[in-house]
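Here is the naming used below: chain letters follow the sequence lines, and residue numbers restart at 1 for every chain.
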Amino acid sequence: MAIALVDANNFYVSCERVFRPNLEGRPVVVLSNNDGCVVARSAEVKAMGVAMGTPWFQLQKLAKREGIIALSSNYTLYADMSNRMMGILSSFSPIQEVYSIDECFLDLRGFAQDQLSSMGQAAREKVRQWVGLPVGVGIAATKTLAKLANHVAKKMPEYAGVCVWDDLPAGDQQRLLQQLPVSEVWGVGRQWTARLQETGIQTVWDLRHADPALMRKRFSILMERCIRELRGEPCIAMVEIPPPRQEIQSSRSFGHPITSVDELGEAISLYTVRAVDTLRRQGSVAGALRVFIHTSLFQAHLPQYHATRTIALNHPSQDTRVFLQAGRVALADMYRPGFVYAKAGVHLLEITSVDTLQANLFLSAEDNARALQLMTTMDQVNVRFGRGTLQPGVAGLQDPRGWAMKCGNKSPAYTTRWAELARAKLG
DNA sequence: TCTGGGGTCCTAGGACCC
DNA sequence: TCTGGGGTCCTAGGACCC
């Protein structure tokens, strides 16, 4: 039994560097929406001690002094690069789980132990040559150990990007586990780290030797699973085909704070359109819409207001108009004047497959058919001419909208838009 | 001045029922 | 006066992930 975890180094930064090789060797960060926080850091930036999630405005001085280059995030580009990388990696195993935009698990059962290391090297080189991305490979008996091995492969130069856990002598394994802080374990976050430390569990080694039953009582079944996985007992299965989403969200912080109900309504309508779009693309219907609006937590001197409303539909639907109406009801109910709003969003809940949808008793068959026809036509136009070409007018017609996000340093969609391909400067 | 977005899973606790 | 216990379902909140 062996599982590989392959993931890209500084994925977003590496994607940008593929098309702008002059960024190689220079300190680069990629920023979140609204150019708010740092979401990817090149090795040079990590070495300066810049933490993930640092607000960009706090880095101005350092950036100027050190010449840090900041780029707005370009998710279209990253998604396309990710697809290419995943396609290549899928050739190394019949069973692949794409776990996130920049990492996947490969099931390597059936391969001899002495082949694993060279397979890892081969995967690494192929991705590097074919899409230009640097990746690290960790191979072990469980997903949790593969994650740790991957960490070792990346952090310790002597492993050269590939670490096969079971090839290591027991003494080396023990030494590594005793060196690694427990916070490195997949599934152990900040809260758990603090609680573990209180009970004297500091390193991965300590956690591995904790009593699973007792730890389950103190934390939850997830902690027990964690410990067992660290001992080499697989508890987390491979998921080849991602199940349909149980919840679909769309939310954004505003580029500029807004106060009027009209602007909030536009924003909520746009998020609703996007979310229901995603819903239809996965062939689902949703039974409820949740809408939230809130002021900025970081503006403590201003009056704060957080509100959420959940609207249950009479029948599960995938008709954008139904959700837009529900959104209007929700907003009218919770909007309060006099606040400066910083963020809004919607969630689609109670999602089920469209196949399970029972005939709507309160709409005629013709009405149902017409609604479906309308949505299908809108989707087709948007696929052909680009997202947002055709959409309900309530989502705002100005472009860019006053409240839309800031993204001052976005790179072109090199790989997915002909018009922007021309601007790519190779070399 | 300026602090992201989209997910999943688990547990506790309340409501309700028998 | 004495005031059970177990099951299910739902939701909110908290933890985690990238």
Show me the side-chain donor-acceptor pairs of residues 175-188 of chain A shorter than 3.5 Å, one per line, residues at least two apart or across chains.
| residue | atom | partner | partner atom | Å |
| --- | --- | --- | --- | --- |
| A:Glu184 | OE1 | A:His151 | ND1 | 3.3 |
| A:Trp186 | NE1 | A:Tyr99 | OH | 3.4 |

Expressed as a whole number of Å, how far does the C1' atom of B:dC17 sit from that of C:dG4? 14 Å
Sorted by chain and number, sequence neighbours left out, salt bridge (charged side-chain N to carboxylate O under 4.0 Å, His left out) with A:Asp206 holds for none
What class does the angle between the rings of A:His306 and A:His294 fall in, given that below 30° is parallel, 30 to 60° is tilted and above 60° is perpendicular? parallel
Identify, residue by residue, the members of residues 292-310 of chain A with a heavy atom below 4.0 Å from DNA chain B, and return them in order of residue number, or none. A:Phe298, A:Gln299
Gap between atoms CD and C1', on A:Gln191 and B:dC10 respectively (whole Å): 15 Å
Geometric cation-pi criterion, A:Lys343 with A:Phe254: 6.0 Å, 45°: no
Go through the side-chain N and O atoms of A:Asp35 and A:Ser72 and say whether any donor and acceptor fall under 3.5 Å apart. yes
Looking at residues at least two apart in the chain, or sitting in another chain, which of them share a salt bridge (charged side-chain N to carboxylate O under 4.0 Å, His left out) with A:Arg280? A:Asp277, A:Asp379
Within residues 217-224 of chain A, find the residues that approach DNA chain B with a heavy atom at under 4.0 Å, and present them sorted by residue number. A:Ser220, A:Ile221, A:Leu222
Which dot-bracket string fits DNA chain B when only Watson-Crick or G-U wobble pairs with both atom distances under 3.5 Å count, crossing pairs get [ ], and | stands for a partner on a different strand? ....||||||||||||||
A:Arg309 NZ/CZ over A:Phe292 ring centroid, <6.0 Å and within 45° of normal: no
Point-to-point distance, once rounded to the nearest 0.5 Å, from OH of A:Tyr271 to CG of A:Leu289: 14.0 Å
If you draw a 6.0 Å radius around NZ in A:Lys155, do more than 12 non-hydrogen atoms from other residues or ligands fall strictly inside? no
